[in-house]
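The structure appears right after this line, and notes come after that.
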Amino acid sequence: MGPGFVTGAADDDPSGIATYSMAGAKYGYKLNWMMLFLWPAMMSIQEMCGRVGMVSGKGLATIIKKYYSKRLLVLATSLLAIANIINIGADLGIMAASMQMLFEFNYFYWLAVAAIFIVWMQIAVPYRKYIKYLQWLSMILIVYLITAFLVKHDFNDLVWDTLVPQVEINLEYLMVIIGLVGTTISPYLFFWQSAEEVEEEINSGKIKDFNYHPKIVKKDIKRMEFDTKAGMLFSNLIALAIMLTTAGTLHANGIFSIDTPQQAAMALKPLAGNLAYLLFAIGIIGIGWQSIPVLAGSLAYALSESFGFKEGLSKKFSQAKFFYVIIAVATGIGFLINLAGINVMDALYYAAIVNGVASVPLIAIIIKVADDERVVGKFKTKKKHKFAALAALFFMTIGVLIMLWQIVASRF
């Protein structure tokens, strides 16, 4: 369980759980095929990110800054900042709602508790311990895998819809598709994994700090590939399990939309009975503690690299003040977003759509960087990974353009 596994688990953040739940509730099994399509694409793109960090000893933003234009750096970091802060806000909101579901009391009190505790953890807990906490918190997601097996399914429909793509050309369907793509192949994962591979090299004594050139052999690349494949497989299995669970419980019982956390929690009733709310709340809180630090941390890595400040969770606050201030500010803005009174489930869903739109140009950048000999030397992208990433980029570009066109057409 290395950076690839933590990255994969963090991908199933509260926004992901909400989006997968909504997809299963609204369309049943009809979007299962998306997970089969997205796994090789997600694995290939994250493998590129991991390899770029491992081979170069640099984070993604540093590489863009050094080898490409400032405009490209501004575009990449701006897209990341917008997508991440919206996502942090949505994830904090569902965590606070889950705490309120468990302990009652005031929603904004739990919102503040969640935000403060997450920032404190990243500053106060040493990296070696912190990364272990993130790894074990990801295991909470297994409750969905168990529940998916307990629910009765129509196996004929399940197999058919999983293996044969069901496509509808309408705005609502396209928005769910882009939301699924955005919450599965998210911008924050790109910057996070490339930086975490460097953190691992620092932690193991291979290099002293970021921007030192490590000595990499094929064995290192294979380890990273295996770790990334395992993490992305885990992530997509959990995503599919959430969709199967909500399809077999909510959709099968005529519940086609999810407006509250309580409705989403009912999907776990076959496993937990009357304790479904408790299990759902614990799961959301646990994975929120795992994923929000990844969201805030990936933005802190990107901005620290862009402005030339020291970075890294392996450093103390006094050694990387700018890095930790960015984590605190991003989490604070996420807290403030919740004061607007937006419906929690809607916020989670739209955060996934924003991620989907932002991912398109960032994937194009990653494909270019991971095939640049100046960055990765002889460890250039394998053809199969490049093909999978290009297929995802083409699919996402077409999907986003059609969705935007339909939004404009519906307004005028």
Side-chain angles (χ1 to χ4, degrees), residues 9-10 12-22 24-25 84-122 133-134 136-144 147 179 183 238 242 245-246 249-250 255 257-296 327-328 330-352:
D12 292 321
D13 67 328
S15 175
I17 293 173
T19 306
Y20 299 133
S21 297
M22 288 176 175
N84 278 23
I85 288 170
I86 291 172
N87 211 339
I88 289 168
D91 285 356
L92 280 173
I94 189 68
M95 281 185 73
S98 297
M99 289 178 179
Q100 189 180 33
M101 198 156 53
L102 283 183
F103 308 114
E104 298 182 348
F105 203 54
N106 186 274
Y107 167 82
F108 294 104
Y109 169 80
W110 294 120
L111 187 68
V113 167
I116 292 167
F117 183 77
I118 285 168
V119 173
W120 174 82
M121 261 184 67
Q122 291 177 91
Y133 295 154
L134 294 187
W136 285 108
L137 281 171
S138 63
M139 294 296 104
I140 288 172
L141 293 165
I142 290 173
V143 297
Y144 284 99
T147 311
T183 200
I238 296 300
I242 294 169
T245 299
T246 50
T249 53
L250 304 182
I255 300 172
S257 63
I258 301 175
D259 302 312
T260 65
Q262 286 81 359
Q263 284 180 312
M266 290 305 293
L268 292 173
K269 197 168 183 179
L271 175 64
N274 293 331
L275 296 175
Y277 293 157
L278 175 66
L279 192 60
F280 175 83
I282 291 171
I284 287 290
I285 294 165
I287 204 61
W289 277 337
Q290 199 251 20
S291 57
I292 293 174
V294 174
L295 283 157
I327 287 175
T331 308
I333 296 173
F335 169 86
L336 294 174
I337 287 172
N338 285 276
L339 303 183
I342 302 167
N343 178 278
V344 169
M345 300 306 293
D346 287 344
L348 293 166
Y349 172 60
Y350 287 113

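All figures in this text were calculated on a predicted structure; none of them were measured in a lab.
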Between atom OH of Tyr20 and atom OG1 of Thr245, what is the distance when rounded to the nearest 0.5 Å?
13.5 Å
Measure the spacing between CD1 of Ile327 and CG of Leu295 and express it to the nearest 0.5 Å.
11.0 Å
Scanning both residues in full, the closest heavy-atom pair of Met101 with Ala281 reads CE-CB, 4.1 Å
With sequence neighbours left out, what residues match Phe105 under ring pair (Phe, Tyr, Trp, His ring centres under 6.0 Å)?
Tyr109
If you define the side chain from C-beta out and look only at heavy atoms, does anything of Asp91 sit under 4.5 Å from Ser291?
yes
Closest heavy-atom contact between Tyr107 and Ala96?
CE1-CB, 3.6 Å
Inter-residue atom distance Met22.CE - Leu250.CG, 0.5 Å rounding:
11.0 Å
pair Leu102-Ile285: side-chain heavy atoms closer than 4.5 Å
yes
Could you walk me through whether Asp13 and Thr183 pass side-chain contact (heavy atoms from CB on, under 4.5 Å), step by step?
CA-CA 8 Å; Asp13 67 328; Thr183 200; 3.9 Å; yes
In short, Ala352 meets Gly179 closest at the heavy-atom pair CB-O, 3.4 Å
Minimum heavy-atom distance Ala90-Ala351, with the two atoms named
CB-CB, 4.1 Å
Under 3.5 Å, is there a donor-acceptor pair between the side chain of Trp289 and the main chain of Ala114?
no
Show, in sequence, the C-alpha distance, side-chain angles and deciding distance for Met345 and Ile94, and conclude whether the side-chain contact (heavy atoms from CB on, under 4.5 Å) test is met.
CA-CA 8 Å; Met345 300 306 293; Ile94 189 68; 4.0 Å; yes
What one should report as the nearest heavy-atom pair of Gly89 and Asn338 is O-ND2, 2.8 Å
By side chain to side chain contact (heavy atoms under 4.5 Å, CB included) - contacts of Ile342 (at least two apart):
Ala340, Ala347
Verdict with reasoning, Tyr144 to Leu268, per side-chain contact (heavy atoms from CB on, under 4.5 Å):
CA-CA 7 Å; Tyr144 284 99; Leu268 292 173; 3.9 Å; yes
Take Met266 and Thr249 through the test side-chain contact (heavy atoms from CB on, under 4.5 Å) and record every step on the way to the result.
CA-CA 8 Å; Met266 290 305 293; Thr249 53; over 6 Å; no
Compare every heavy atom of Pro261 with every heavy atom of Phe280, then report the nearest pair and how far apart it is.
CE2-O, 3.7 Å
Side chains of Leu348 and Thr19: does their closest heavy-atom pair fall under 4.5 Å?
no
Measure the spacing between OG1 of Thr331 and CD1 of Ile85 and express it to the nearest 0.5 Å.
9.5 Å
For residues Leu339 and Phe108, determine if any side-chain heavy atom of one lies less than 4.5 Å from a side-chain heavy atom of the other.
yes
Is there a side-chain contact between Ile118 and Leu92 (heavy atoms, below 4.5 Å)?
yes
Is atom CZ of Phe335 surrounded by more than 12 heavy atoms (other residues, nucleotides or ligands) closer than 6.0 Å?
yes
Distance col, row Met95:CE vs Ile287:CD1, nearest 0.5 angstrom, shows 10.0 Å
Which distance, rounded to the nearest 0.5 Å, do you find between the CG of Asp259 and the CG of Asn343?
6.5 Å
